[in-house]
Amino acid sequence: MNCEELLAYLSDYINDNLDEELVTAAQEHLSTCQNCSIVLDSTQRTIALGKAQQRGQQMSPQRQARLYSQLAAAFEKRSDQS
Amino acid sequence: MDDLITALKRRDPDALSQVFTDHADKIYRLAVSQLHNEQSADGVVQDTFMKLIEHIDGFDGRAQIGTWLYRVAYNECMMRLRGQRPQVDFDSVDETGVMPEILIDWRELPERMVSSSEAMAEVEKAIAELSPALRAVFILRDVEALSVKEAASVLDISPSAVKVRLHRARLLLREKLAGYFSERVNQTK
């Protein structure tokens with residue numbers, strides 16, 4: 001496997017979505033190619049950072065409670081109609 | 001999941017509470033990432049759950065509530081974005097390859113630099129700078145861990161388009177963050 005192929009398979013490699021043969025070829029390439037090893041590591045860290053940052057975003061409990069009470073009222077109203 | 005749909009059809013308040021607890025924050029995150037506005041994102045969460053209440057009687061047993069909610073929420077976001085900027089084609093995606101150019105080794109960066117609040121603000125900015133179509137795939141797959149098939153169903157695109165877009169989104173984000181970290185490393189030298 002060369003650098004171009006490694007890059008093409010990078011996301012599938014990260015997602016553990018490659019055949020065993022390709023995984024072995026990717027690992028062999030990564031063990032000898034510093035640049036590809038950096039790209040793999042930094043992409044994995046990018047994903048982890050993106051996930052951590054986005055997961056930190058939540059509705060405030062007050063807004064969530066207010067919204068839920070509106071929805072519960074609408075839900076109950078529909079149960080009266082049905 | 002089938003039982004939950006049945007319970008919602010019975011208008012069981014506990015079922016509504018469970019669906020809301022399981023999905024409200026996820027829908028909010030998708031919406032706020034697309035709209036960059038907390039109030040608009042709240043509105044999307046509200047409209048999405050109102051649609052669930054309106055449509056629950058038509059659900060069949062095979063329906064996946066989570067995927068259905070995401071699809072409604074994503075369409076609500078797109079409608080709002082198109083309303084704000086009708087001249088922009090939010091569905092267009094550049095699917096050409098991204099070549100990694102900045103090759104500093106993050107393993108050599110001090111941990112406090114990688115996880116600093118400044119770095120996290122940079123992560124938020126980098127995600128915000130992705131196109132809405134790439135951002136949605138990144139959020140659904142890498143943040144919310146939906147399968148390729150589920151993400152394809154939410155976004156109404158093919159599974160292969162999900163994979164291509166995710167690959168591009170990840171490499172674009174990596175490049176932006178690599179640029180930020182390389183500047184920080186040079187400053188500390």
Side-chain angles (χ1 to χ4, degrees), chain A residues 2-18 26 29-30 33-82, chain B residues 8-13 16-17 20-21 24-25 28-29 32-33 38 41-42 45-46 49-50 52-54 56-57 97-100 102-107 114-115 119-124 126-127 138-139 141-145 148 163-164 166-167 169-171 173-178 181:
Chain A
N2 60 29
C3 298
E4 204 180 319
E5 290 165 327
L6 190 284
L7 186 65
Y9 288 126
L10 186 73
S11 267
D12 280 329
Y13 182 81
I14 289 170
N15 286 358
D16 205 9
N17 194 26
L18 285 182
H29 178 77
L30 286 162
C33 180
Q34 170 78 356
N35 282 351
C36 283
S37 159
I38 287 174
V39 171
L40 170 66
D41 174 75
S42 54
T43 305
Q44 286 172 319
R45 284 167 192 255
T46 294
I47 295 166
L49 283 174
K51 186 172 175 176
Q53 189 279 324
Q54 288 290 311
R55 285 276 179 121
Q57 309 224 40
Q58 289 176 341
M59 288 177 93
S60 78
Q62 294 87 341
R63 293 205 316 273
Q64 199 170 70
R66 198 168 57 230
L67 176 55
Y68 181 73
S69 66
Q70 287 169 0
L71 291 169
F75 192 58
E76 201 181 328
K77 205 169 154 196
R78 274 192 78 83
S79 77
D80 292 343
Q81 290 166 358
S82 60
Chain B
L8 283 168
K9 287 182 180 179
R10 264 201 325 270
R11 306 292 187 267
D12 177 348
L16 181 71
S17 167
F20 190 79
T21 306
D25 275 331
Y28 176 78
R29 284 196 288 265
V32 86
S33 77
E38 292 179 358
D42 284 354
V45 177
Q46 180 169 27
F49 279 97
M50 285 305 290
L52 175 70
I53 293 171
E54 282 166 28
I56 191 63
D57 291 329
V98 179
M99 195 50 78
I102 302 167
L103 295 167
I104 57 153
D105 194 343
W106 297 20
R107 287 166 287 202
V114 179
S115 56
M120 291 313 258
E122 205 61 31
V123 173
E124 184 175 14
I127 293 172
F138 181 77
I139 301 290
R141 289 280 291 129
D142 280 345
V143 179
E144 306 297 350
V148 171
K163 291 173 86 170
V164 169
L166 180 64
H167 188 55
R170 285 170 166 179
L171 289 177
L173 287 178
R174 193 212 76 89
E175 204 64 21
K176 283 174 196 276
L177 295 182
F181 286 130

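Remember, predicted model here, so these are calculated numbers, not experimental data. Values reported hereafter were calculated over all heavy atoms of this structure, with side chains retained and with hydrogens, waters and symmetry mates removed. Proteins get letters first, then strands, A, B, ... in listed order; numbering begins at 1 in each.
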Identify which part of [X] has an atom lying under 4.5 Å from any heavy atom of chain A, answering side chain, backbone, both or neither.
| X | value |
| --- | --- |
| B/Lys163 | side chain |
| B/Glu175 | neither |
| B/Ile102 | neither |
| B/Ile104 | backbone |
| B/Leu103 | both |
| B/Val148 | neither |

Could you tell me if the side chain of [Y] sits less than 4.5 Å from the side chain of [X], heavy atoms only?
| X | Y | value |
| --- | --- | --- |
| B/Asp142 | A/Gln54 | no |
| B/Leu171 | A/Leu10 | yes |
| B/Tyr28 | A/Arg63 | yes |
| A/Ile38 | B/Arg107 | yes |
| B/Leu177 | A/Arg45 | no |
| B/Glu122 | A/Leu49 | no |

Using non-hydrogen atoms and a 4.5 Å limit, figure out which bit of [X] sits close to chain B: side chain, backbone, both or neither.
| X | answer |
| --- | --- |
| A/Asp41 | side chain |
| A/Gln70 | side chain |
| A/Ser37 | both |
| A/Ala8 | backbone |

Nearest 0.5 Å, please: how far is [atom2] in [Y] from [atom1] in [X]?
| X | Y | atom1 | atom2 | value |
| --- | --- | --- | --- | --- |
| B/Leu16 | A/Glu76 | CG | CD | 11.0 Å |
| B/Phe49 | A/Tyr68 | CZ | OH | 10.0 Å |
| A/Gln57 | B/Ile127 | CD | CD1 | 8.5 Å |

Next item on the list: State whether the side chain of B/His167 and the backbone N or O of A/Leu7 hold a donor-acceptor pair below 3.5 Å, judged by distance alone.
Entry: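 Yes; judged by distance alone, with no hydrogens or angles, the pair exists.
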
Margin query: Could you report the tightest heavy-atom contact between B/Val143 and A/Gly50, atom names first, then the distance?
Written below: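 Residues B/Val143 and A/Gly50, closest heavy atoms: CG2-O, 4.2 Å.
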
Notebook entry, point to check: What are the two closest non-hydrogen atoms of A/Leu71 and B/Phe20, and how far apart are they?
Noted result: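 Shortest heavy-atom separation between A/Leu71 and B/Phe20 comes out as CD1-CE1, 3.6 Å.
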
Highest number of heavy-atom pairs under 4.5 Å with chain A: which of [options]?
| options | result |
| --- | --- |
| B/Val98, B/Val32, B/Asp42 | B/Asp42 |
| B/Arg170, B/Met120, B/Glu54 | B/Arg170 |
| B/Ile139, B/Val123, B/Leu166 | B/Val123 |

Check: Are there more than 12 heavy atoms of other residues, nucleotides or ligands under 6.0 Å from atom CG of A/Asn2?
Finding: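 Correct, the count exceeds 12.
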
Margin query: Please check if the number of heavy atoms outside A/Tyr9 that lie under 6.0 Å from its OH is greater than 12.
Written below: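 Open: at most 12 neighbouring heavy atoms sit under 6.0 Å from OH of A/Tyr9.
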
Check: Hey, are A/Ser42 and B/Arg174 close enough side-chain-wise for a donor-acceptor pair under 3.5 Å?
Finding: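 Judged by distance alone, the side chains do pair up.
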
Margin query: What verdict does the side-chain contact (heavy atoms from CB on, under 4.5 Å) test give for A/Thr46 and B/Lys176, after you've listed the backbone C-alpha separation in whole Å, the side-chain angles of each residue and the deciding distance to 0.1 Å?
Written below: CA-CA 10 Å; A/Thr46 294; B/Lys176 283 174 196 276; over 6 Å; no

Next item on the list: Quick one: list whatever passes salt bridge (Lys or Arg N to Asp or Glu O under 4.0 Å) with A/Arg66, sequence neighbours left out.
Entry: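 With neighbours one apart ignored, the set is empty.
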
Next item on the list: List for me each residue that meets side chain to side chain contact (heavy atoms under 4.5 Å, CB included) alongside A/Lys51, sequence neighbours excluded, and say none if there are none.
Entry: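 Listed in chain order: A/Arg55.
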
